[in-house]
Each structure stands twice: as C-alpha cells, then as structure tokens.
Number of protein chains: 2
Amino acid sequence: MNPVNLKQLAQELNLSVSTVSRALSDSYEISATTKAKVQELARQLGYEPNPYASSLRRQKSKTIGVVIPEVANNFFSLAINGIEEVARENDYHVLIYLTHDDAAQEATIVQHLASGRVDGLLASVAGATQDFTHFGKLQARRTPMVFFDRVCEEFATAKITTDDYQSGYQATQHLLEAGCRHIAHLLISDRLSIGQKRLQGYHDALQAHGFTPDPTLLLHGTSDKDRNQTLVQELLQQNPAIDGIFASVETLAMSSYLACRQLGRRIPEDVKIISFSNLEIADLLDPPLTTIAQPAYEMGREAARILFKAILKNRPILPTQSQELKSKLIKRRSTAVL
Amino acid sequence: MNPVNLKQLAQELNLSVSTVSRALSDSYEISATTKAKVQELARQLGYEPNPYASSLRRQKSKTIGVVIPEVANNFFSLAINGIEEVARENDYHVLIYLTHDDAAQEATIVQHLASGRVDGLLASVAGATQDFTHFGKLQARRTPMVFFDRVCEEFATAKITTDDYQSGYQATQHLLEAGCRHIAHLLISDRLSIGQKRLQGYHDALQAHGFTPDPTLLLHGTSDKDRNQTLVQELLQQNPAIDGIFASVETLAMSSYLACRQLGRRIPEDVKIISFSNLEIADLLDPPLTTIAQPAYEMGREAARILFKAILKNRPILPTQSQELKSKLIKRRSTAVL
DNA sequence: CTGTTAGCGCGTTCAG
DNA sequence: CTGAACGCGCTAACAG
C-alpha cells in the first residue's frame, strides 16, 4: 500500500487538491457535504498528511528537542516524562539527544538543531561545557529555549531549577541539628551552577552555625560510579571524623552507601547521609535515605509549559520567566537522622 | 539573524543554487576551488540545511521513532541509551513516545507515525495491547519495525528479547536449589509474551523438580507500585509458607523488598527473592538482590542495528532476524540465596 | 463554496 | 564543470 497523498484523494473525488486540504483541516469555507465525503475517503484510505511537507510550508516543525546529559538517571527520566506529556498535550513531537556530559557532543547536537528541525529546545547542559556559542546560534535564530536543572547562567532565557541554595543550606543544617560535626560534601561538578549553589548553601549553613568549612571534606564527583565509590571510601578513611555526608546528586549518595557498607560504617549511627534524590530509591535503601526530593516531573512539565507559551505565541522567552521550584526535605522514619 | 539557505549562498557567490547544493554535498562534478569557496561561506554564515525540505525531496526523514511504555524505568532508559547511540552513529534522529502502557495511546501514536515521519520504528508494546492493526499500517507502508523486550508475537518482523523462558526456568531452579519449597511468582502481565514465557519457565522448573505449580502463588502485578506492595503483603500473609519469590520485573522485586520489611520477613532467611533487574539497583539493596540481569543497553543497540540495516539497505525486515540475547544470573554475595 | 497558482528549500534530472 | 527547470506534498493568497 502506497502512502496516499492529497493529490490522490483529490483525483478520486474529482476535487482540487486545495479543497481536499481545506476539507481535512475543517475549514469554514467548505460545504458540510464535501467535508464529509473527503474525510470519509481519507479515513478509508488511511490518509496521513506528510509532516515534512507541512513543516516546510508552514515553517513549523511541531517538534521540540530535548538535550540532556543522560537518560539512565532518575531525575532526567522523570523530567522527560513531564516533558513528553506536555508536548503531547500540545500535539508536539519530542526529539531526544544525549550528550553523555560531553561538551563537544553537546555543541555538535545543538549546532545541528539550529536548522529549523525543532521549534524549541529544552536543555540541561553538560558539566564541562564552557563555551556556549552553540546555544547562541539557536538564540540568533530566535528558537525558544528553556534550560532546566543544569542551567547555563550566562544565557538570557528562562531557567527552571530547584531552590538549590536553600536546599543545600537546609540539608547541611539538618545534619548539624542531628549532631554531625564533620560534614563532607560530595560535589557534582564545580562548573555547574547547581553545584555551586548547593555548595554555597553548605558553606553558609556551616558558618551560620559557627563552623569553618573544611576544604578537605569536599569531594569532586566523577562520571564513573565505581570510581566515586572508591573516592568516598578514601575520603572516609582519610577523615575518620566524618559523621555526615551531604551528596549533591543521587548517584553520589548511592556510592556513599556502598562505601559505608564496604568500610563497615553504620548508617546513620556512624555516618548520616542526606542527598538530592528520587523518593522511590531513597525508600528502597536500608536504612532509607533522608532526601531532598526534587520535583523532577514537575520541572519537566514547567520547563515545557514555558517553552510552549513562547512557541505558540511566537514570542521570545524572557529570563524573567525563570523559576525555582521548591524541593522537599523528606526525613525518613528509621533513618534516625531525626 | 535569518536562517540562511542555499539561495542566499548562491546569490552571495554569483553561483546557481544547484552548484552550491552540489558543492556542499561534495559532488565530484564541482571544481575544488568553488567547493572551497562555497564551503567557506557556508561555514561563515552558519548555514544549516533545512532538514524538512531535504526530507521532502529525498523521501527520507533521517529519523526513527521509539515507542515504549515508560522512560522512568531502568530497563527502558538503558535501552534508549543504546538506541540513541546507534542512531547517532548512523546520523539519525530519535523521536520518543511514551504509551504509559495504554493500548489506545499506543494506537494513536503508531497510527500517526504512519505518515513518513520516521524511517523506522522501535517498539516495546503496551501490556494491554490486544489489537495490533496500528502496527499493520506501518508495515503496509513498508516502514521497518523492530520490537524489543515487550514484543508482539503475531507480527512478522524482527524481535529482540532476552531468553525469557530459560531465565524463568533458571531463576526458579535457583530458588529450588537454595531450598525454597513455596515459590511465588510475580507476573508482569498475562498478555505480554515475555510474561508468559517467564511464567512457563517457572512452571516447567517446578514440575521438573517434582513440584506442582500452585495457582494461589501467582500474583498479577499492576501499574501502581504502592498497590503492588499491598498485593505482595497480602500474598505473603495469606500464604505464610512462601519462602521464595520470583519477580518478573524490577519494580515487583522492589515492592517485595518493601513488603517483606513491612511484615518483618527477613531476606533471605525467611524469603529469598530473585528478579529480572538492573545490576546497580540490585547491588544497592540490602541484602543485594539476586538478579537476572538483562543486557538492556545491548538490546537497545541490537534492535537499532537491525533496524538500520533495513533502513539503509531499503530492505524489509525478516522475522528470522530476531534474537534472544542472553541474560546473566548474578548471585550476590551476602544474599545467601546461594 | 471551490479551483488556480505560487511557493516553502532542497536534490536531481537534463542541457550546455 | 555549471545553470535552468522541475517537483517532493502541502498550505495560502487570490480569483471567481
């Protein structure tokens, strides 16, 4: 069965192509009878309009792009869930691209997207990204863009994050109130603003409580989980006084759990752990992980919503549309941190 | 900055559009000097070919579709990883669609895809899907299609799965050898062939060891995790003799862990658990989960590879290209199932 | 209410 | 080696 197009429908019905086109888009200037006839035949033959012809003509792709570091990650998969849902509500398609946290790949991808392939872009930047000219190309083309979570501060566009500074502050305060005196911080990346903000919250909370941040208690995470576990183990061994860990991302909390088990450090009696993390995983751990729960799904939805407002109204996105969604500190029962 | 097109490049250089087009595609019939000039200007102006014009003309979208039940799932996110990677290697784009395990949504999506939007489709069907005519439409259009994991048996096309029957058999045998006498099976869906095969393996292993499968030990999972936990708890309470659980998917294993903890059943002393699951999660649990590890990433890659062979050679996919990838039974140290 | 015409931007004849 | 012309399938302006 050949793909059927407007021309074939038109011939079959002795109508012009444009009439058929209008009938299918339910135009007001077509009689009810021909509309019915056209739509009936279209249904019968299983007509599906060629999206690329349509895109070319209307200069709209009905597609958005999502550029993220990885998908095998609770936060991002939940976010995609929200994004896909909003896209569907708006009758849009979703192209997905993984950077594997590599700045060069990210540049290639975004560069390529400056071709009209997408009407808008949602992005969470790679940790190592320094040069942001590729995003500039998109902006020059007036393609709306919203950053979420791993945002790019130097860009004048909307950004959806969690209240990273406050969360970092609260997390640290929580550990302090639970009696911790030597709190390590596991940083995701010194380049990412979310890392900086969480770190700043950690610093300020320590100082507000009369402690001086100890740089030897700061660990820079890598992209290799096994390596992270080793690093945490070394950190714990070199600083036996550590009685609290604030991990900036879920995977670093996981490595901490494994490291503690490996070293026979009891959680939470010897070491209390708190982390940004998905609730389900946190609950599954034994003892459950005290969590700063990010509303990942909602962040995806919100970022997409802002993007679609711009796309559909054909208006540039203002940086003032940025938002910080609130995360929730979830103290788990048996964690005994409380 | 306006999107620059061939026409503009041509005017700027006093060349014809077709020459420019050929120069950019590095055609042999263009002089080296003009090629250089054209490519230089294109680079300077940041020319990106309009993909939709190109698609329309060449009748190729350079895009594949991926239809899956959900993305917030270890198996699927790893699979997407593999798929995206192979797509990139072939310079293809990936459209993603989530069915939320809903047959009607799946039908709408796939139906819509029968429009030339994608050159090929990778799909893992929704549990409740009964009517497969939507996939038929794609096949009628000769759009290559590969099913993976949750495959659709009644379709004559390639399918990538794990060795579900054997794995189910081995898992059950493993529990039997560890001394279990009352093994429950948590089924993902009675409609999905993977569920059926795993169940069959379970049955056959029981019988081969002289046991009669007890239908009251069979639990049908739902899509609601909390509900699943409740169901498992009820199952354990109604059948106090249960000393082993074989879960057909990771999320059911998670619910089992939580249920056991809730009821104070010790793992593995009172109840031994084995499940299809991602290794990372399995290791994180305490005690670690004995796992049938599916090569999710490899399955994604393999499915995509087969798809691209068909797309690039413009040949239909034969059902004989189906494969069963081997899963690995991973006995975790302290699980003591061993 | 319907048909005719003219592109959207690109690739591919066919001529020269 | 280069240019002119056509059409992929669809939508939109303009006629009638």
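What you see below is based on every heavy atom in this structure, not just the backbone, and it leaves out hydrogens, waters and symmetry mates. Letters go in sequence order (proteins before strands), and every chain restarts at 1. Source: prediction; values computed, not measured.
Per the geometry, CG belonging to B:Asn50 stands 10 Å off P belonging to C:dG11, to the nearest Å. In this structure, A:Tyr52 atom OH and C:dG9 atom C1' are separated by 16 Å, rounded to whole Å. The distance between atom CG of B:Leu6 and atom C1' of C:dG9, rounded to the nearest whole Å, is 7 Å. When rounded to the nearest whole Å, the span between CD of A:Gln8 and C1' of D:dC10 equals 14 Å. In this structure, the CG atom of B:Leu45 is 16 Å from the P atom of C:dG9, given to the nearest Å. One can place CZ of A:Arg117 at 14 Å from C1' of C:dC10, the figure rounded to the nearest angstrom.
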Validation: residues 314-325 of chain B side-chain donor-acceptor distances under 3.5 Å, sequence neighbours left out:
residue: B:Ser322; atom: OG; partner: B:Lys159; partner atom: N; Å: 2.9
residue: B:Ser322; atom: OG; partner: B:Pro319; partner atom: O; Å: 2.7
residue: B:Gln323; atom: NE2; partner: B:Glu302; partner atom: OE2; Å: 2.9

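Taking the side-chain hydrogen bond (donor to acceptor under 3.5 Å, both in side chains) definition, one finds that B:Glu84 meets it with B:Arg88, sequence neighbours left out. Legend: residues meeting ring pair (Phe, Tyr, Trp, His ring centres under 6.0 Å) with B:Tyr52, ordered by chain and number and at least two apart, are A:Tyr52. Not a single ring pair (Phe, Tyr, Trp, His ring centres under 6.0 Å) links A:Phe155 to another residue, sequence neighbours left out. A:His112 is linked by a ring pair (Phe, Tyr, Trp, His ring centres under 6.0 Å) to B:His93, counting only residues two or more places apart in sequence or in another chain. The side-chain hydrogen bond (donor to acceptor under 3.5 Å, both in side chains) search around B:Ser54 returns none, not counting sequence neighbours. Listed by chain and number, the residues in a ring pair (Phe, Tyr, Trp, His ring centres under 6.0 Å) with B:Phe76 amount to none (sequence neighbours excluded).
Proximity of residues 18-40 of chain A to DNA chain D (heavy atom under 4.0 angstrom from any strand atom) is restricted to A:Ser18, A:Ser21, A:Arg22. Contacts between residues 55-63 of chain B and DNA chain D, defined by a heavy-atom separation under 4.0 Å, are made by B:Leu56, B:Arg57, B:Gln59.
For the pair A:Tyr47 and D:dC10, the criterion of a side-chain N or O lying under 4.0 Å from OP1 or OP2 is met. Taking side-chain N and O atoms only, B:Ser16 has a distance below 4.0 Å to OP1 or OP2 of D:dG3.
A donor-acceptor pair shorter than 3.5 Å cannot be found between the side chains of A:Ser25 and A:Ser27. Checking A:Gln44 against A:Glu40 by side-chain atom types alone, a donor-acceptor pair falls below 3.5 Å.
Sorted by first and then second residue, the side-chain hydrogen bond (donor to acceptor under 3.5 Å, both in side chains) pairs involving residues 58-82 of chain A (not counting sequence neighbours) are A:Ser61-A:Asp119, A:Glu70-A:Asn73, A:Asn74-A:Glu250. Evaluation of the ring-ring contact (aromatic ring centres under 6.0 Å, His included) test over residues 8-36 of chain B, restricted to residues two or more places apart or in two chains, returns none.
Comparing the start and finish of the helix from C:dC1-D:dG16 to C:dG16-D:dC1, five pairs each, the helix axis swings through 50°, to the nearest 10 degrees.
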